[in-house]
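Shown next, in structure tokens, is the structure this report addresses.
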Amino acid sequence: MPKVAPSILAADFSRLGDEVRKVTEAGADYIHIDVMDGFFVPNITIGPSMVRSLRSHTHLPFISHLMITHPERHIKAFAESGSDIIEVHIEAEQDLGYTLRLIRDLGKKAGLAVNPPTPIEDAYPHLQEIDLLLVMSVNPGFGGQKFIPDVLPKIGLALAEMERQGVRVPVEIDGGITPETGELAARAGADILAAGTSVFKAEDMKAAIEVLRRCGSSKD
Ligand code: DX5
Ligand code: ZN
């Protein structure tokens with residue numbers, strides 16, 4: 001059964017603390033926090049001070065998804081703000097090996113995100129340096145976009161390569177996740193479903209999370 005990581009990008013920003021508490025009570029496994037710098041992606045969202053102010057509202061692990069250029073300049077701030085997993089993009093300008101080491105040296109888990117047009121093979125040399133692989137199923141920048149099914153084979157390819165290298169890190173998928181696309185992703189082997197709109201805009205958050213968690217479990 002996949003874990004569910006609601007993305008607060010789709011939450012009500014005027015009362016984020018309450019939203020985080022609500023989604024925690026609704027049974028989320030992680031809180032997915034989308035950090036955008038207006039440069040790596042066209043949108044600007046959340047910074048480390050916001051992450052810090054949310055920390056007291058939940059015991060759930062924070063996944064900070066950094067869609068920013070030169071993430072190494074901000075890793076320390078996100079680590080200190082209470083992030084548990086810090087994800088950086090393989091496409092971002094940086095010394096990737098250094099960034100990943102920095103995250104781990106600060107006692108946090110390092111995630112590597114791969115955009116839809118980027119071949120998954122580009123991540124293979126880094127599988128030993130990471131604790132999570134993030135397969136993007138939309139081009140990052142905004143919530144509420146349509147799932148790109150062409151990325152699905154990347155999950156199986158990555159899992160096979162992990163086996164070949166004798167490592168196994170969870171694979172998260174992010175963007176356009178609904179019960180239908182979540183089903184496809186879970187069947188393809190995704191371990192964590194990040195979902196913004198389909199959780200935060202649902203009438204019943206608890207039911208929405210339950211449905212996502214059951215993705216991939218049916219026999220047919
Ligand atoms: C996209 C973000 C996603 C997004 C998911 O740039 O990284 O995490 O918020 O939102 P939905 O589920 O609405 O596509
Ligand atoms: Zn994200």
Quick one: pull up [atom1] in [X] and [atom2] in [Y] and give me the separation to the nearest 0.5 Å.
X	Y	atom1	atom2	answer
Arg21	Thr58	CZ	OG1	9.5 Å
Leu133	Glu87	CG	CD	9.5 Å
Asp12	Lys201	CG	NZ	7.5 Å
Glu19	Thr24	CD	OG1	11.0 Å
Leu100	Asp131	CG	CG	9.0 Å
Glu129	Arg104	CD	CZ	7.5 Å

Does [X] share a hydrophobic cluster with [Y], counting links as ILVMFWY side-chain heavy atoms below 4.5 Å and allowing steps through other members?
X	Y	result
Met67	Ile63	no
Phe13	Phe142	no
Val114	Ile86	yes
Leu112	Ile155	yes
Leu9	Ile46	yes

Please report the shortest heavy-atom distance between [X] and [Y], naming the atom on each side.
X	Y	answer
Asp122	Ile90	O-CD1, 3.3 Å
Ser83	Phe78	OG-O, 2.8 Å
Pro48	Ser81	O-CB, 3.3 Å
Ser53	His57	O-CD2, 3.3 Å
Pro71	Val88	CB-CG1, 3.6 Å
Asp34	Ser7	OD2-OG, 2.6 Å

Just by modelled atom types, is the [Y] backbone N or O under 3.5 Å from a matching donor or acceptor in the [X] side chain?
X	Y	answer
Ser137	Ile148	no
Thr181	Gly176	yes
Asp174	Met136	no
Glu91	Asn115	yes
Gln165	Tyr124	yes
Lys108	Ile75	no
Gln94	His70	no

Worksheet entry | Result of checking Thr45, Ile33, Val199 against Ile8 for side chain to side chain contact (heavy atoms under 4.5 Å, CB included) |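 That would be Ile33.
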Do NZ/NE/NH1/NH2 and the carboxylate oxygens of [X] and [Y] come within less than 4.0 Å?
X	Y	value
Lys206	Glu210	no
Lys22	Glu25	no
Arg168	Asp191	yes
Arg55	Asp84	yes

So do the side chains of [X] and [Y] get within less than 4.5 Å of each other, counting heavy atoms only?
X	Y	answer
Leu212	Ile177	yes
Glu183	Ser218	yes
Ile120	Val151	no
Val23	Phe200	yes
Met50	Val35	no
Ile192	Leu132	yes
Phe40	Thr69	yes
Lys109	Pro61	no

Discussion item. Just checking Phe39: does its CZ atom have more than 12 heavy atoms from other residues, nucleotides or ligands closer to it than 6.0 angstrom?
Written reply: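 No - once you tally the heavy atoms of other residues, nucleotides and ligands closer than 6.0 Å, there are 12 at most.
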Discussion item. Atom CD of residue position Glu93 - does it have more than 12 heavy atoms of other residues, nucleotides or ligands inside 6.0 Å?
Written reply: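 Open.
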Worksheet item: Between His32 and His65, what is the ring plane arrangement, given parallel below 30°, perpendicular above 60°, and tilted in between?
Response: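 The arrangement is perpendicular - the two ring planes meet at more than 60°.
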